[in-house]
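Proteins come first, then strands; the chains are lettered A, B, ... in the order of their sequence lines, and each starts at number 1. Quick caveat: nothing in here was measured; it's all calculated off a predicted structure.
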Amino acid sequence: GEKVEQHESTLSVREGDSAVINCTYTDTASSYFPWYKQEAGKSLHFVIDIRSNVDRKQSQRLIVLLDKKAKRFSLHITATQPEDSAIYFCAAGGATGGNNKLTFGQGTVLSVIP
Amino acid sequence: NAGVIQTPRHKVTGKGQEATLWCEPISGHSAVFWYRQTIVQGLEFLTYFRNQAPIDDSGMPKERFSAQMPNQSHSTLKIQSTQPQDSAVYLCASSLGGEQFFGPGTRLTVL
């Protein structure tokens with residue numbers, strides 16, 4: 001089955017700097033890659049996703065890059081703010097997007113230092 | 001839109017007892033998923049339904065875990081003979097084909 005590895009378990013950046021979280025996956029059939037944010041004591045909150053028909057997607061300060069050849073994708077948070085501090089999870093899923101099960105990475109604890 | 005609703009939010013059971021967890025998906029969403037989250041194992045897929053039909057239960061521990069979706073407005077996850085290793089946050093999510101929306105979770109503690 002699919003395995004997703006999230007390379008940074010913790011990440012600390014200064015406010016205003018960029019943060020980059022990297023993930024790799026194993027199953028070439030995976031084609032949907034969402035990112036979720038989890039604040040302390042709360043559930044998962046969707047932040048952005050990318051499908052395999054594109055290699056870059058941006059939503060405000062969030063950029064997702066996908067390299068299908070390397071089976072790697074990454075989340076870039078630009079101009080970080082203290083409220084970006086949370087655990088971020090990457091995930092991989094099948095062709096039907098959110099209508100298919102997701103395999104999650106282990107999470108990255110992002111700390112944005114004011 | 002109240003989002004995905006899960007009840008109870010917290011449940012404590014004794015070893016060997018049964019636990020039933022409830023999920024109400026967002027109205028109109030066709031897919032309902034169950035995951036569980038622990039510190040050690042992280043986020044694990046359990047099972048999911050599409051248009052109420054079971055599609056994939058490959059993540060369900062055998063024998064003691066079962067899930068149903070008797071109608072489009074709710075799904076249940078039942079754990080029989082609970083064990084301490086079943087202690088986790090059980091998350092329900094629903095989707096209309098785009099992103100999955102997660103509920104607040106049920107924290108199950110097995111003593």
Is there a side-chain contact between [X] and [Y], using heavy atoms and a 4.5 Å cut-off?
X	Y	value
Gln100(B)	Tyr36(A)	yes
Tyr48(B)	Asn100(A)	yes
Phe101(B)	His45(A)	no
Phe104(A)	Tyr35(B)	yes

Kindly check if the number of other-residue, nucleotide or ligand heavy atoms within 6.0 Å of [atom1] ([X]) is above 12?
X	atom1	value
Ile39(B)	CD1	no
Lys62(B)	NZ	yes
Lys3(A)	NZ	no
Glu83(A)	CD	yes

List for me each residue that meets salt bridge (Lys or Arg N to Asp or Glu O under 4.0 Å) alongside Glu44(B), sequence neighbours excluded, and say none if there are none. Arg36(B)
Please report the interatomic distance [atom1]([X]) to [atom2]([Y]), rounded to the nearest 0.5 Å.
X	Y	atom1	atom2	result
Leu91(B)	Gln38(A)	CG	CD	7.5 Å
Glu2(A)	Phe45(B)	CD	CZ	13.5 Å
Thr103(A)	Leu43(B)	OG1	CG	10.5 Å

Report yes or no: does Ser43(A) contribute a side-chain atom to a donor-acceptor pair with the main-chain N or O of Gly105(B) at less than 3.5 Å? no
Residues two or more places apart in sequence or in another chain: which of them pass side chain to side chain donor-acceptor pair (under 3.5 Å) with Thr108(A)? Gln6(A)
Assigning hydrophobic clusters by single linkage (Ile, Leu, Val, Met, Phe, Trp, Tyr; side-chain heavy-atom cutoff under 4.5 Å), is Val20(A) placed with Phe89(A)? no
Closest approach of Tyr32(A) to Glu99(B) (non-hydrogen atoms, all atoms of both residues): OH-CA, 3.4 Å
What part of Ser58(B) gets closer than 4.5 Å to chain A, counting heavy atoms only: side chain, backbone, both or neither? side chain
